[in-house]
J.: 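Mind looking over this structure? Questions follow.
Each residue takes its place number in the sequence, starting with 1.
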Amino acid sequence: MQQADVLILGGGLVGSTLAVALAAHGLTAIVIDPADPEVILAPGFDGRASAIASASHRMFEALGIAAKVAGQGCPIRAIRATDGLAPGALDFVPDADAPPLGVMYENKVIRRALLEAAGAAPEVDLRMRTRAVSVDRGPHGVTVVTDRGDTLTAPLLIAAEGRNSPTREAARIRVARWSYEHVAMIATLNHEHSHENVAYEIFYPAGPFAILPMNDDANGHRSAIVWTVDAKDAPGLLKLSDRGWLAEASKRMGGFLGHLGPLSPRSSYPLGFHHAATITADRLALVGDAAHGIHPIAGQGLNLGLRDVAALVEVLVEGKRLGMDLGDPHLLKRYGRWRGLDTLAVATATDGLTRLFGIPGKTASAVRRFGLSAVDRIPPLKARFMAEARGETGQLPKLLQGELA
């Protein structure tokens with residue numbers, strides 16, 4: 001396949017989901033990614049885990065991805081947020097017969113399922129270990145030349161290359177960005193007591209400490225940890241032995257999960273914010289981290305990208321049915337409008353929460369505890385927060401409702 005309905009630069013979690021979703025609707029895609037599958041699918045490549053919100057999970061069910069990862073994810077039955085270890089908490093607990101708020105998966109599990117689905121779809125031409133050496137977005141279409149000497153064409157180019165998207169930069173799309181001067185330390189650990197399928201977010205001035213439920217393994221109960229610390233403290237904490245790191249983690253957790261360990265290999269990454277002024281340009285659409293990057297305080301980063309996918313697929317499918325050029329500015333404008341408000345609202349909310357909980361002092365802590373308790377006692381407001389956690393606010397694309405567009 002040298003010509004397709006769309007060219008996708010980037011075959012990560014968002015880019016490969018997009019290709020599979022388009023294929024489910026009969027649209028063809030060529031996916032270009034420089035990564036080596038043997039490397040990115042290796043057991044030790046990526047130790048992160050992601051909370052797939054219930055709306056995003058319905059899309060995975062509609063696309064057949066959920067069946068490929070069945071039994072490998074841990075349902076999130078409740079979320080508890082606290083200001084440090086002080087009394088008073090905000091608990092999100094759905095009705096007993098309601099679906100979970102989300103499901104925790106190891107990234108490597110999702111990645112493998114998506115790449116297998118993309119590789120098996122006749123409508124998807126997956127070109128790994130390949131780079132685009134030139135990109136021309138002309139008035140009549142997009143032409144990409146790869147480092148293998150192939151010339152590929154399509155009406156539309158989609159950038160799913162991540163935070164440092166070279167395609168976004170080449171299009172001269174302005175981006176608001178800043179650093180939080182924080183580092184997130186990532187690990188998975190075993191613990192003595194069951195997490196009871198509850199996700200915990202413990203807020204400290206240096207940043208949140210998230211405990212995310214995972215399926216048990218041979219060593220017993222297990223959770224993923226996202227521990228945010230000041231950038232200046234990160235090198236010392238990262239140099240600690242496993243025993244020392246677990247001891248520090250136990251202090252921040254308050255010991256409620258009992259003895260901790262063993263500990264997986266640890267990783268870390270700096271935290272920052274970026275938001276593109278527009279997510280479209282001439283024959284170009286941005287999805288996922290190419291369009292926006294937020295603090296992991298609410299675990300919505302990947303879900304925002306999956307919501308981009310669902311909206312863009314619906315726009316393109318409708319355009320194809322009407323016989324429109326898939327690079328038509330009117331189609332791209334609709335996608336931009338649909339996603340613009342949602343991404344800005346989530347980005348602003350997560351940034352505000354990060355700054356609010358980062359204010360030190362007893363007075364600030366007392367105000368936060370009062371706010372958490374107030375939300376906990378106001379059912380409509382609490383229901384709104386729970387809907388946000390599920391990814392069910394705003395105009396939902398059909399895929400997020402579990403239906404094909």
Side-chain angles (χ1 to χ4, degrees), residues 1 4-75 102-131 146 148 150 152 154 158-162 188 214-215 217 224 287-289 301-303 305-310 312-313 316-317 399-400 402-405:
M1 185 191 302
D5 290 314
V6 301
L7 297 173
I8 303 173
L9 299 183
L13 299 182
V14 172
S16 53
T17 300
L18 176 60
V20 172
L22 289 169
H25 294 84
L27 273 68
T28 58
I30 301 175
V31 183
I32 302 169
D33 194 295
D36 184 339
E38 292 186 5
V39 173
I40 64 174
L41 295 177
F45 172 72
D46 186 352
R48 294 174 297 170
S50 296
I52 303 301
S54 57
S56 300
H57 204 269
R58 285 196 292 269
M59 177 166 70
F60 278 0
E61 291 169 352
L63 298 177
I65 301 302
K68 292 179 176 293
V69 297
Q72 299 180 71
C74 182
V103 183
M104 285 297 304
Y105 290 103
E106 293 175 281
N107 281 9
K108 60 187 176 185
V109 169
I110 306 174
R111 181 177 291 109
R112 181 176 295 278
L114 287 168
L115 289 179
E116 286 178 356
E123 298 86 355
V124 179
D125 184 350
L126 185 60
R127 303 193 181 203
M128 304 298 288
R129 297 185 291 268
T130 304
R131 294 182 182 274
T146 73
R148 296 172 179 260
D150 297 317
L152 314 173
I158 302 170
E161 304 154 305
T188 302
M214 301 292 290
N215 284 345
D217 65 6
V287 294
D289 284 356
L302 176 56
N303 289 294
L306 296 177
R307 282 146 75 169
D308 293 343
V309 167
L312 182 57
V313 167
L316 295 180
V317 167
L399 278 172
L400 296 183
E403 306 172 6
L404 294 183

J.: List the residues meeting salt bridge (Lys or Arg N to Asp or Glu O under 4.0 Å) with R148, not counting sequence neighbours, and say none if there are none.
T.: none
J.: Measuring from H25:NE2 to L399:CG, what's the distance to the nearest 0.5 Å?
T.: 5.0 Å
J.: Kindly give the heavy-atom pair with the smallest separation between A160 and G15, and that separation in Å.
T.: CB-CA, 3.8 Å
J.: Using every non-hydrogen atom in the two residues, find where A23 and A121 come nearest and quote the distance to one decimal.
T.: CB-CB, 4.0 Å
J.: Closest approach of A4 and I30, non-hydrogen atoms and distance?
T.: CB-CG1, 3.7 Å
J.: Hey, what do you get for CG (L306) to CE (M59), rounding to the nearest 0.5 Å?
T.: 4.5 Å
J.: Under the criterion side chain to side chain contact (heavy atoms under 4.5 Å, CB included), I'd like the reasoning laid out for V287 against I158: C-alpha separation, chi angles, the key distance, then a yes or no.
T.: CA-CA 7 Å; V287 294; I158 302 170; 3.9 Å; yes
J.: Can you tell me how far the CZ atom of R111 sits from the CD1 atom of I40, to the nearest 0.5 Å?
T.: 6.0 Å
J.: Are V124 and V20 side-chain neighbours, meaning at least one heavy-atom pair lies under 4.5 Å?
T.: no
J.: Check whether any side-chain N or O of D5 sits under 3.5 Å from a backbone N or O of T28 as a donor-acceptor pair, and report yes or no.
T.: yes
J.: Ignoring hydrogens, what is the shortest heavy-atom contact between A29 and I8? Give both atom names and the distance.
T.: CB-CD1, 4.0 Å
J.: What pair of heavy atoms forms the shortest contact from A35 to P37, and how long is it?
T.: O-CD, 3.6 Å
J.: Can you tell me how far CG of D308 sits from OG1 of T17, rounded to the nearest 0.5 angstrom?
T.: 11.5 Å
J.: N215: which residues meet the side-chain hydrogen bond (donor to acceptor under 3.5 Å, both in side chains) condition with it, sequence neighbours left out?
T.: none
J.: If you round to the nearest 0.5 Å, how far is CD1 of I32 from OG1 of T130?
T.: 7.0 Å
J.: Which pairs would a plain distance check flag for residues 60-75, meaning a side-chain donor or acceptor within less than 3.5 Å of a matching protein atom at least two apart in sequence or in another chain?
T.:
residue, atom, partner, partner atom, Å
E61, OE2, H57, ND1, 3.3
Q72, NE2, K68, O, 3.3

J.: Compare all side-chain heavy atoms of I110 with those of I52 and state whether any distance is below 4.5 angstrom.
T.: yes
J.: Report yes if the side chains of L115 and L126 come closer than 4.5 Å at any heavy-atom pair, otherwise no.
T.: yes
J.: Could you tell me the separation between the CG atom of L22 and the CG atom of L312, rounded to the nearest 0.5 Å?
T.: 7.0 Å
J.: Apply side chain to side chain contact (heavy atoms under 4.5 Å, CB included) to N107 and L13, showing your working.
T.: CA-CA 8 Å; N107 281 9; L13 299 182; 4.2 Å; yes
J.: I need the minimum non-hydrogen distance between N303 and S56, along with the two atoms involved.
T.: OD1-OG, 2.9 Å
J.: Just checking R131: does its CZ atom have more than 12 heavy atoms from other residues, nucleotides or ligands closer to it than 6.0 angstrom?
T.: no
